[in-house]
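First the proteins, then the strands, lettered A, B, ... as listed; each starts at 1.
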Amino acid sequence: MRISQLFGKTQRELPAEADTASHQLLLRAGMIRQIAAGVYSYLPLALRALNKIENIIRDEMDKAGGQELMMPVLQPLELWQQTGRHGALGQILFTLKDRRDRQLAMGPTHEEVITELVKYNVQSYRDLPQLLYQIQTKFRDEPRPRAGLVRAREFAMKDLYSFDADEAGLDISYEKMRVAYQNIFDRCGLPTVLVEADSGAIGGKESKEFMLVTDSGEDEIIHCSCGYAANTEKAASAKSIAHSEELLPIEEVATPGKATIEEVADFLKVPHSRTLKAVFYVADKNFVFGVIRGDLEVNETKLKNALHCTDLRMATEDEVKEAGLVPGAASPVGIKDIQIIADDSVSSGTNFIAGGNKPATHIKNVNYPRDFKADIITDIAKARAGDTCPRCGGKLASSCSLELGHIFKLGTFYSAKLGASFIDKDGQSKPIIMGCYGIGPSRLLAAIIEHHHDDKGIIWPASVAPYQIHLCPLYREGSKVAEVTEKLYADLTAAGLEVLLDDRQESPGVKFNDADLLGIPFRVTISPRSLEKNSIEVKRRSEKQAELVGVEEAVSKLRELVG
RNA sequence: CGGGGUGUAGCGCAGUUGGUUUAGCGCGCAGCGUUUGGGACGCUGAGGUCGGUGGUUCAAAUCCACUCACCCCGACCA
């Protein structure tokens, strides 16, 4: 491709719209253009890179036994009502009406459609397992699109769905995908961390995310040098025994004007871990009393899962009062008719300070289960950097990261609701066991740039670069630059290499800067200076030094370098 | 949805106490000439519903009201 004809222009100045590196570079390189919040056109260079990413994914999916298909973007809203996800995804679903007033959704994902499809094509265990995938544009009305292609409302998505007859089969499919995903990220030059993730309300039994550690990420992950890694929604930490003493009798203590854990602990001169914190939520319209050790915080995802609710929010002060509690001095001791959920940290110590259930009063020496009972006691605490690793006892660290892929054991949630069953060997009808495995090629495009760039521009890994070779002729009248360049361009192209030719009448500085910005792996400079030595210059984008290569062996040398 | 910010040419911006403004500047773009190893220079030129609507006024990019869009933080993100 000749740059003089390439659709898309580079920009010198930083676009005011963009803050993250990938967004800025994609815009400056003339690769994308926004038309609405989170909605982009992909210009030729971006599309070439995207296609390469998608083909790597395709290749790995096919190797793992996947079959590609295509499914509708327009989906009847009824289908979503059948699985109840209309509510769960409600806000995020783009919906529209057709001329007969039928409601349709623009597919944000395709579990419903594929299950419906599989239902009519699988009857017997002999038809299983199946690994089916699609690479398509998906639509989600995100509350806040951000960072260009990182979180868009219209974006490329690959989803593979696995269908198995039993759990053992699902385990095999899941493992195949884990390996395939690892291969995909390796081939795209992205080092990822595999973290345990929350599987959410639809109750899959296992779920992991492939995360890229990057400052521009939007998720926090907790990890340890022993290899333990988890999304903060899921992360656990070991709650050491804070203190263990002989149990003392309960004793009231006046705490005028002290409401927060900090105030009470300071006033009574005890560490935060010596107190019990009370937190109040409304879960699916039910008032819930949460208890956790004073130095810890509640992880709302864990809480939500423990309560099996779909809607969870903090209670307002009025709601707390209405429940007969005293904000700032509430205590689980003596509470009746309110659901109490306690973090297991309440048994990690003795003689805690808790609220007194009357103004300006706390009580000392509260012990679980002697003084109060919980309807549910489980881990609902947030793991934080610096906490103790639940696996090895080491110290946990946290990093900002970007979710690139998600593998998920779904179980029978969709197949049961939509009636996708098969006849097993024993003649019994059973719901098909499903898994889903998602990866966003357009987000990968951004992630690759996020990870592979310098202050001059993009540095494409060869596997996904839009072109392999960038020819930079420095034309001079009376020189053979044009002639050599044209021959080289023709020969390299004939040799099957992907070549970008900067045939513009621009100064060397402009050409070099654009070459750095576009980030093609190999830059070849053809100039009167090098032609004097009957050579051209070859420089990797990732390196500073150029290498002289004889004009005659240029094609074979470049073929070898590109590999 | 809450908080903050921005809308003036393809991009980056100035102008915003109303009036010498036929709305400027830099980049980019077109033509001509001189240049050519890290974003060259000169001359000439094209390009604008000043986000939109309504209002105030002799007069609005500028003041008022409403509204739309986009960005950032948070909430949210099966």
Side-chain angles (χ1 to χ4, degrees), chain A residues 8-20 23-24 27-28 30 33-40 80 83-93 107-112 138 140-148 150-153 155 159 197-204 207 209 216 218-219 231 233 300-301 304-305 310-314 402-403 406 408-411 413-414 417 434 436 438 440 443 455-457 472-479 481 502 504-517 523 525-532 536-537 539 544 546:
Chain A
K9 279 194 172 150
T10 58
Q11 266 176 227
R12 293 184 192 198
E13 277 169 298
L14 275 184
E17 304 269 271
D19 290 315
T20 53
H23 193 192
Q24 291 177 342
L27 288 168
R28 281 192 57 215
R33 168 89 187 179
Q34 184 179 58
I35 193 78
V39 183
Y40 293 87
W80 289 84
T83 54
R85 289 214 298 170
H86 174 232
L89 276 170
Q91 295 284 68
I92 231 170
L93 216 50
T109 175
H110 283 71
E111 281 85 1
E112 279 79 1
K138 306 215 174 181
R140 294 184 191 175
D141 196 358
E142 295 286 349
R144 188 153 89 85
R146 58 174 290 274
V150 168
R151 180 170 291 273
R153 295 194 298 169
F155 57 101
D159 269 318
D198 175 60
S199 42
I202 60 170
S207 156
E209 294 168 338
S216 63
E218 44 191 9
D219 292 327
N231 193 310
E233 290 183 346
E300 294 188 2
T301 304
K304 209 167 160 178
N305 290 340
T310 54
D311 185 48
L312 182 77
R313 61 172 175 84
M314 285 195 89
L402 187 59
E403 179 187 347
H406 198 165
F408 203 138
K409 291 183 182 175
L410 291 174
F413 181 87
Y414 298 95
K417 288 221 152 114
M434 293 172 57
C436 79
R443 178 179 283 186
D455 58 336
K456 302 289 256 176
C472 254
L474 304 182
Y475 298 116
R476 204 63 38 77
E477 258 181 64
S479 80
V481 169
D502 193 346
R504 298 171 302 171
Q505 294 293 331
E506 288 286 356
S507 69
V510 170
K511 290 192 174 187
F512 290 150
N513 278 296
D514 273 349
D516 286 343
L517 176 58
R523 186 185 81 193
T525 308
I526 305 107
S527 68
R529 185 195 287 181
S530 63
L531 286 183
E532 271 175 27
I536 53 156
E537 290 163 53
K539 179 186 157 307
K544 280 218 148 43

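In this structure, CD of A:Gln505 is placed 14 Å from P of B:U34, rounded to the nearest angstrom. Taking atom CZ of A:Arg504 as the reference point, atom C1' of B:G38 lies 14 Å away to the nearest angstrom. Distance CG (A:Asp514) to P (B:C11): 18 Å, rounded to an integer number of Å. Rounding to whole angstrom units, CG of residue A:Asp141 and P of B:A78 are separated by 14 Å. Straight-line distance from the CG atom of A:Leu474 to the P atom of B:G39: 13 Å, rounded to whole Å. Put simply, NZ on A:Lys9 is 16 Å from P on B:G12, counting in whole angstrom units. Atom CD in A:Gln11 sits about 18 Å away from atom P in B:G26, given to the nearest Å.
B:A69 is paired with B:U6 under the criterion used here, namely a Watson-Crick or G-U wobble arrangement in which both key atom distances are under 3.5 Å. With a cut-off of 3.5 Å on both Watson-Crick or G-U wobble distances, the partner of B:U56 is given as none. Pair check for B:C13 finds B:G24; Watson-Crick or G-U wobble, both atom distances under 3.5 Å. In this structure, B:C77 makes no Watson-Crick or G-U wobble pair, since no nucleotide meets both defining distances under 3.5 angstrom. Within the shown strands, nothing qualifies as a pairing partner of B:G38 under the Watson-Crick or G-U definition with both distances less than 3.5 Å. The partner of B:A30 is B:U44, judged by Watson-Crick or G-U wobble contacts that both fall below 3.5 Å.
Of the candidate nucleotides B:G39, B:G38, B:A78, B:G38 has the atom nearest to the side chain of A:Pro508.
The nearest heavy atom of RNA chain B to A:Val510 and to A:Thr109 marks one nucleotide each, and the one closer to the 5' end goes with A:Val510.
On a pure distance criterion of 3.5 Å, a polar donor-acceptor pair joins the side chain of A:Glu13 and the base of B:G26. For B:G39, the base has a donor-acceptor partner in the side chain of A:Arg28 [N/O atoms by modelled type, under 3.5 angstrom].
Between B:G19 and B:G3, the distance separating the two P atoms is 33 Å to the nearest Å. B:A69 and B:A30: their P atoms are spaced 35 Å apart (whole Å). Atom P of B:G48 sits at a distance of 14 Å from the matching atom of B:C11, rounded to the whole Å. For B:C64 and B:C77, the C1' atoms lie 40 Å apart once the distance is rounded to whole Å. Comparing the C1' positions of B:G39 and B:U17 gives a spacing of 40 Å, expressed to the nearest Å. Nucleotides B:G15 and B:C68, compared at atom P, are 28 Å apart to the nearest Å. Separating the C1' atom of B:G4 from that of B:C50 is a span of 24 Å, rounded to the nearest Å. On the C1' atoms, B:G55 is 15 Å away from B:U62, given to the nearest whole Å.
Nucleic acid contact class of A:Leu27 (heavy atoms, under 4.0 Å, all strands): none. Contact annotation for A:Ser530: base contact, defined as any heavy-atom pair under 4.0 Å involving a base atom. Using a 4.0 Å heavy-atom cutoff across all strands shown, A:Arg33 reaches sugar-phosphate atoms only and no base atom. Nucleic acid contact class of A:Glu112 (heavy atoms, under 4.0 Å, all strands): none.
Between A:Gln11 and A:Pro15 there is a side-chain heavy-atom pair separated by less than 4.5 Å. A:Pro528 is listed as a side-chain neighbour of A:Val481, based on a closest heavy-atom distance under 4.5 Å. With contacts defined as side-chain heavy-atom distances shorter than 4.5 Å, the pair A:Tyr414/A:Arg85 qualifies. Annotation: side chain of A:Asp141 is not in contact with side chain of A:Leu93 (no heavy-atom distance under 4.5 Å).
With sequence neighbours excluded, the residues forming a side chain to side chain donor-acceptor pair (under 3.5 Å) with A:Gln34 are A:Tyr40, listed by chain and number. Residues passing the side chain to side chain contact (heavy atoms under 4.5 Å, CB included) test with A:Pro143: none are found, sequence neighbours excluded. Every side chain to side chain contact (heavy atoms under 4.5 Å, CB included) that A:Glu218 has, sequence neighbours left out, goes to A:Arg146, A:Val150, A:Arg151, A:Leu402, A:Arg443. Partners of A:Thr20 by side chain to side chain donor-acceptor pair (under 3.5 Å), not counting sequence neighbours: none found. Considering only residues two or more places apart in sequence or on other chains, A:Arg504 meets the side chain to side chain donor-acceptor pair (under 3.5 Å) condition with A:Asp502, A:Asp514.
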Tabulated below should be each protein N or O lying under 3.5 Å from an N or O of nucleotides 68-77 of chain B; please produce it.
{"unit_1": "B:C70", "atom_1": "OP1", "unit_2": "A:Ala37", "atom_2": "N", "d": "2.9"}
{"unit_1": "B:C70", "atom_1": "O2'", "unit_2": "A:Glu17", "atom_2": "OE2", "d": "3.2"}
{"unit_1": "B:C71", "atom_1": "OP1", "unit_2": "A:Gln34", "atom_2": "NE2", "d": "3.0"}
{"unit_1": "B:C73", "atom_1": "OP2", "unit_2": "A:Arg144", "atom_2": "NH1", "d": "2.8"}
{"unit_1": "B:C73", "atom_1": "OP2", "unit_2": "A:Arg144", "atom_2": "NH2", "d": "2.5"}
{"unit_1": "B:C77", "atom_1": "O2", "unit_2": "A:Arg151", "atom_2": "NH1", "d": "2.8"}
{"unit_1": "B:C77", "atom_1": "O2", "unit_2": "A:Arg151", "atom_2": "NH2", "d": "2.7"}

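A sub-4.0 Å separation between OP1 or OP2 of B:G12 and a side-chain N or O of A:Arg12 is absent. The phosphate of B:A40 (OP1 or OP2) has a side-chain N or O of A:Ser507 nearer than 4.0 angstrom.
With hydrogens and angles left out, the side-chain atoms of A:Thr109 and A:Glu111 include a donor and acceptor closer than 3.5 Å.
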